[in-house]
Asks: 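Here you go, one structure.
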Amino acid sequence: MIYVFKTSVRTKSEVRKLEPHLNSILPMKKWNFDLEDCDRILRIEGDEDVVPKITDLLRQHEIHCEELQ
């Protein structure tokens with residue numbers, strides 16, 4: 001399954017700061033940010049429901065995050 005989130009991440013520097021946190025809660029999963037998209041999309045490929053984990057993590061880092069359906 002592919003999960004898609006609209007975020008407020010703006011820079012590669014922010015992505016680098018989030019990287020270890022995302023890797024720790026998403027081991028063995030593929031994820032990436034599309035910072036050129038107007039919604040600064042985070043895509044995650046995986047089998048389990050990651051929505052609560054991702055929204056909590058990003059909110060802890062004061063980043064807006066909203067799942068797109």
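What's counted below: heavy atoms across the whole structure, side chains too, no hydrogens, waters or symmetry copies. Just so you know, these numbers come straight off a predicted model, no measurement behind them.
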Asks: About how many Å separate OG1 of Thr11 and CG of Leu35, when rounded to the nearest 0.5 Å?
Replies: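 Here the interatomic distance stands at 7.5 Å.
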Asks: In the single-linkage hydrophobic clustering (I, L, V, M, F, W, Y; side-chain heavy atoms under 4.5 Å), do Met1 and Val51 co-cluster?
Replies: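 Per the 4.5 Å side-chain linkage, Met1 and Val51 are co-clustered.
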Asks: Less than 3.5 Å apart, which donor and acceptor atoms pair up between the side chains of residues 19-26 and the rest of the protein, not counting sequence neighbours?
Replies:
from	atom 1	to	atom 2	distance (Å)
Asn23	OD1	Trp31	NE1	2.9
Asn23	ND2	Glu19	O	3.4
Ser24	OG	His21	O	2.8

Asks: Does His64 have any ring pair (Phe, Tyr, Trp, His ring centres under 6.0 Å) partners at least two apart in sequence or in another chain, and if so, which?
Replies: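 Expected list: none.
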Asks: Can you list the residues that meet the side-chain contact (heavy atoms from CB on, under 4.5 Å) rule with Arg10, with sequence neighbours excluded?
Replies: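 Partners of Arg10 by the side-chain contact (heavy atoms from CB on, under 4.5 Å) criterion, ordered by chain and then number, come out as Glu14, Arg40.
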Asks: Could you list the residues that satisfy side-chain contact (heavy atoms from CB on, under 4.5 Å) with Glu48, not counting sequence neighbours?
Replies: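 Only Lys29, Val50, Lys53 meet the side-chain contact (heavy atoms from CB on, under 4.5 Å) criterion with Glu48.
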Asks: Please name all residues satisfying salt bridge (charged side-chain N to carboxylate O under 4.0 Å, His left out) with Asp39, sequence neighbours left out, ordered by chain then number.
Replies: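 Result, salt bridge (charged side-chain N to carboxylate O under 4.0 Å, His left out) vs Asp39: Lys6.
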Asks: Is Tyr3 reachable from Leu68 through a run of hydrophobic residues whose side-chain heavy atoms are each under 4.5 Å from the next?
Replies: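 No, no single cluster joins them.
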Asks: Let me check something: do Ile41 and Ile44 share a hydrophobic cluster, defined by ILVMFWY side-chain heavy atoms less than 4.5 Å apart, either directly or through other members?
Replies: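 Hydrophobic grouping puts Ile41 apart from Ile44.
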Asks: Not counting sequence neighbours, which residues clear side-chain contact (heavy atoms from CB on, under 4.5 Å) with Asp47? List them please.
Replies: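 So Asp47 forms no side-chain contact (heavy atoms from CB on, under 4.5 Å) with any residue.
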Asks: Can you spot which of Leu57, Thr55, Asp56 makes a side-chain contact (heavy atoms from CB on, under 4.5 Å) with Cys65?
Replies: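 The single option meeting the side-chain contact (heavy atoms from CB on, under 4.5 Å) with Cys65 is Thr55.
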Asks: Does any part of the side chain of Phe5, heavy atoms only, come nearer than 4.5 Å to the side chain of Leu58, both counted from C-beta?
Replies: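 No, their side chains stay 4.5 Å or more apart.
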Asks: With sequence neighbours excluded, tell me which residues meet side-chain contact (heavy atoms from CB on, under 4.5 Å) with Lys30.
Replies: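 Per chain and number, Lys30 pairs via side-chain contact (heavy atoms from CB on, under 4.5 Å) with Glu45.
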Asks: I want to check something: taking the side chain as every heavy atom from C-beta on, are Asn32 and Leu42 in contact at a cut-off of under 4.5 Å?
Replies: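 Not touching, per the 4.5 Å side-chain cut-off.
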Asks: How would you list all residue pairs meeting salt bridge (charged side-chain N to carboxylate O under 4.0 Å, His left out) that involve residues 59-69, not counting sequence neighbours?
Replies: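 Not a single pair qualifies under salt bridge (charged side-chain N to carboxylate O under 4.0 Å, His left out).
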Asks: Contact between Ile2 and Val4 at the side-chain level, heavy atoms closer than 4.5 Å - yes or no?
Replies: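 When only atoms from C-beta onward are counted, Val4 and Ile2 do touch, with a gap below 4.5 Å.
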